[in-house]
A.B. asks: 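Here it is, the structure, as structure tokens.
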Amino acid sequence: MKKNRNLMILFAVLLAGLIAPLVTGASGAGFWVEVLLGGLMAGVLYSLVALGFVLIFKASGVFNFAQGAMVLFAALSVARMAEKMPLWAAMLMAVAIMVVLAFVIERLVLRPLVNQDPVVLLMATLGVTYFIDGFGQTVWGSDIYEIDLGIAREPVMILQSVFDGGILINKDDVAATAAAALLVILLALFFQKTKTGRALRAVADDHLAAQSIGIPLNRIWVIVWSLAGVVALVAGVVWGAKLGVQFSISQVALKALPVVILGGFTSIPGAIIGGLIIGVGEKMAEVFLAPIAVKAFDLAGGGIENWFAYVLALLFLLVLPEGLFGEKHIDRV
Amino acid sequence: MLYRENGQFKTSYRADQQMLPILQDRIFMGLLLVFVFVVAPFVFSNYFFLSILIPFLILALAALGLNLLVGYCGQISIGHAAFMSVGAYAAYNLVLRVPQLNFLVVLVLAGLIAALVGLLFGIPSLRIRGLYLAVATLAAQFFMDWVFARVKWFTNYAPSGSVSTATIDIFGFQINSPVRKYLFLAAVVTVFAILAKNLVRSHLGRAWMAMRDMDVAAEVIGIRPVYAKLTAFAVSSFYVGVAGALWGFVHLGSWEPLAFSITLSLNLLFMIIIGGMGSILGSFFGAFFIVALPILLNRAPDWLGIHLSTAMVSHLESMIFGALIIFFLIVEPQGLARLWSIGKEKLRLWPFPH
């Protein structure tokens, strides 16, 4: 009961923080909705990266630090190959590359390390991160590249009748959200309706039992890493189209870690909702909280969004150690 | 034949409990210390001091601190560069605002401040562990990065946010040349390494190890988890804070806000993995490996007669780095320290097979 009460208090505080600018008149309703939507868009991207984490963690218990590097690698591949061929062909080629990458990782990294401590596996994925970062930039170059999705990037005014001055929305943001939603629906269908999806869920539930009824674990790992690679591809393309493909993508992808903490390591809905909460939270904090903090403490500029996600996740952990939708572990520490 | 403990009988508890119970180990350590303090200052070039030995000693101290937490107490942290930055900025502000303090006092105070901050970020470890804790420590990393980049007071209102330090002066002894820096660091690191070695075989170290091996069982035999975990965080941050202050004052001299970024945290982690978790010696091996490898990789193409662009070299470096980490994890998950002890075992039998 006590836990529930704490959670309620936490949510109440978050909600109060969310609507505070509106109530205190710090911002107009139109601007507030704009910030909210901006946060949701960023959140969708975090969700996409977090989704890759969750997929791999569910199926193999590996905490894949390399997801960010995979996003960068996929985006680089698409950006550079799209210079030589149409975009759809480049995307298909990139999918093939990600599958090959999954094969290589399974064969050279995961299989020799099977049954090791989770920490050792985490370190191994750190090694994979360095390798992929270096490899991607060796092969594809390290400048800033553009991905042109063929969607106009000019902002559109909507809902002018509802809010004073209307709301600015970028078309490519809407497209990104649509792509993410589509991906999630496809994944859900794949997991629920196909034989492979059922095998994946079985492995996620109990990999020993799954192996004993004849599900080939090694093949499942390859499938799951390929899936994570495809998710990384979508995230990378959407992100690259928005910000340009550059090294910082792999750093920004670290933000997906607090997202999975918030949502729980093993929950796909958790990854999505966690991503949205983090996205909205940090945008709101940056736009409304940072100026107050700058004034109060005489700071050299805002930049709260660099750490807000992590501190939010930390607070969540103190109340709900397993995240919003994670599996409950009952053991005393 | 030379390295064996036959015939070395312990006749008192004191003799049984000493730090290096085997005579040959004591001789080896003595020779090592003579080499470090007497021979090395005359042998190596300034370049070798500045680009390898000085960073190696400081990072070994930091890795030692991290090893106390990760290797001995089993609490993972991927944000330890944050505590290095706390130590560095604490030392900077102490020297700036209380100039009459001796640098050795400043060093200890900086460590204590870092320990306090470490304690604060160690609190989540009471409720979470493993991977969750690893991510929680990232909060420390990014929060501290932000604090030192944005709060002007810490950098003394420097417009660019970068700070620079004066030459260190200890009782009139100026630490300004590479050899002096090296000797000063070697002395500090030796003291801290002996402290750590004794710490981990005291009741505190045993409590940490019990916590690492199985926390529930440790609690059953009467170890307070709050005490064990928080002391591990505090001591570890103290070491790392001192290392941070040294990194700023002795190695860098002047530094920018992002000198203590997540890359440094990850490097520290690699050091203890490659060197060996739960091993004092391993921290030194790992630090040397991580410091020397990039320099070696930078030079290797020249030796082979291949000319590569700097960008290419740095990418290849990161590839080889990643591959080596994976290779080490697969071949020897216990690290270089394990290879060392295997070597010692072999030496006991050599040259006879039995």
A.B. asks: Is there a donor-acceptor contact under 3.5 Å from the side chain of B/S164 to the main chain of B/S254?
C.D. replies: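 Checking the backbone N and O of B/S254 against the side chain of B/S164, no donor-acceptor pair under 3.5 Å is found.
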
A.B. asks: Identify the heavy atoms of B/G118 and B/F83 that sit nearest to each other, and give their distance.
C.D. replies: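 Shortest heavy-atom separation between B/G118 and B/F83 comes out as CA-CE2, 3.6 Å.
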
A.B. asks: Using side chain to side chain contact (heavy atoms under 4.5 Å, CB included) as the criterion, point out the one residue from A/L101, A/L76, A/V71, A/T125 that pairs with A/I132.
C.D. replies: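 Exactly one candidate clears the test, A/L101.
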
A.B. asks: Are A/F131 and A/F73 an aromatic pair by the rule of ring centers under 6.0 Å?
C.D. replies: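 Not under 6.0 Å, so no.
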
A.B. asks: Sort out for me which of A/L122, A/L126, A/V109 touches chain B most, counting heavy-atom pairs under 4.5 Å.
C.D. replies: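 Max contact count across the listed options: A/L126.
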
A.B. asks: Tell me, for B/L324 versus chain A, whether the close heavy atoms (under 4.5 Å) come from the side chain, the backbone, both or neither.
C.D. replies: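 It is neither, since no heavy atom gets under 4.5 Å.
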
A.B. asks: Within residues 67-76 of chain B, which positions have a heavy-atom distance to chain A below 4.5 Å?
C.D. replies: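 Hits under 4.5 Å: B/I76.
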
A.B. asks: Is A/L312 in contact with chain B via its backbone, its side chain, both, or neither, using a 4.5 Å heavy-atom distance?
C.D. replies: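 Neither the backbone nor the side chain of A/L312 comes within 4.5 Å of chain B.
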
A.B. asks: Is the closest basic N to carboxylate O distance between A/E282 and A/K255 below 4.0 Å?
C.D. replies: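 A salt bridge links A/E282 with A/K255.
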
A.B. asks: Do B/F143 and A/Y310 have ring centres separated by under 6.0 Å?
C.D. replies: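 Not under 6.0 Å, so no.
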
A.B. asks: Any idea which of B/I330, B/I123, B/D145, B/I262 has the most non-hydrogen atom pairs under 4.5 angstrom with chain A?
C.D. replies: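 Among the listed options, the one with the most contacts to chain A is B/I330.
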
A.B. asks: By a 4.5 Å heavy-atom criterion (distance strictly below it), what part of B/I273 contacts chain A: side chain, backbone, both, or neither?
C.D. replies: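 Side chain only.
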
A.B. asks: Give, as side chain, backbone, both or neither, the part of B/L266 having an atom under 4.5 angstrom from any heavy atom of chain A.
C.D. replies: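 For B/L266, the contact with chain A is made by the side chain alone.
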
A.B. asks: Check A/Q67 against A/A228 and note the closest heavy-atom contact, atom names and distance.
C.D. replies: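 So the two residues come closest at NE2-O, 3.4 Å.
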
A.B. asks: Got a donor-acceptor contact below 3.5 angstrom from the B/W208 side chain to the B/A228 backbone?
C.D. replies: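 Side chain of B/W208 to backbone of B/A228: a pair is present.
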
A.B. asks: Is it true that the NZ or CZ of B/R150 lies under 6.0 Å from the centre of A/W307's six-membered ring and within 45 degrees of the ring axis?
C.D. replies: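 No, B/R150 and A/W307 do not form such a contact.
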
A.B. asks: Which answer fits B/F270, side chain, backbone, both or neither, if we ask what part of it has an atom under 4.5 Å from a heavy atom of chain A?
C.D. replies: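 The side chain, not the backbone.
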
A.B. asks: If we define contacts as heavy-atom pairs under 4.5 Å, which of A/P258, A/G136, A/G127 has the most with chain B?
C.D. replies: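 Winner by heavy-atom pair count: A/G127.
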
A.B. asks: Taking A/T129, A/L254, A/L257 one by one, which has the highest count of heavy-atom pairs under 4.5 Å against chain B?
C.D. replies: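 The option with the most such pairs is A/L257.
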
A.B. asks: Do B/F154 and B/F148 have their ring centres less than 6.0 Å from each other?
C.D. replies: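 B/F154 vs B/F148: aromatic centres under 6.0 Å.
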
A.B. asks: Could you look at A/A313 and say if it's the side chain, the backbone, both or neither that has a heavy atom under 4.5 Å from chain B?
C.D. replies: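 Neither part; nothing is under 4.5 Å.
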
A.B. asks: Compare every heavy atom of A/P112 with every heavy atom of A/L108, then report the nearest pair and how far apart it is.
C.D. replies: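 In terms of heavy atoms, the two residues are closest at O-CG, 3.4 Å.
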
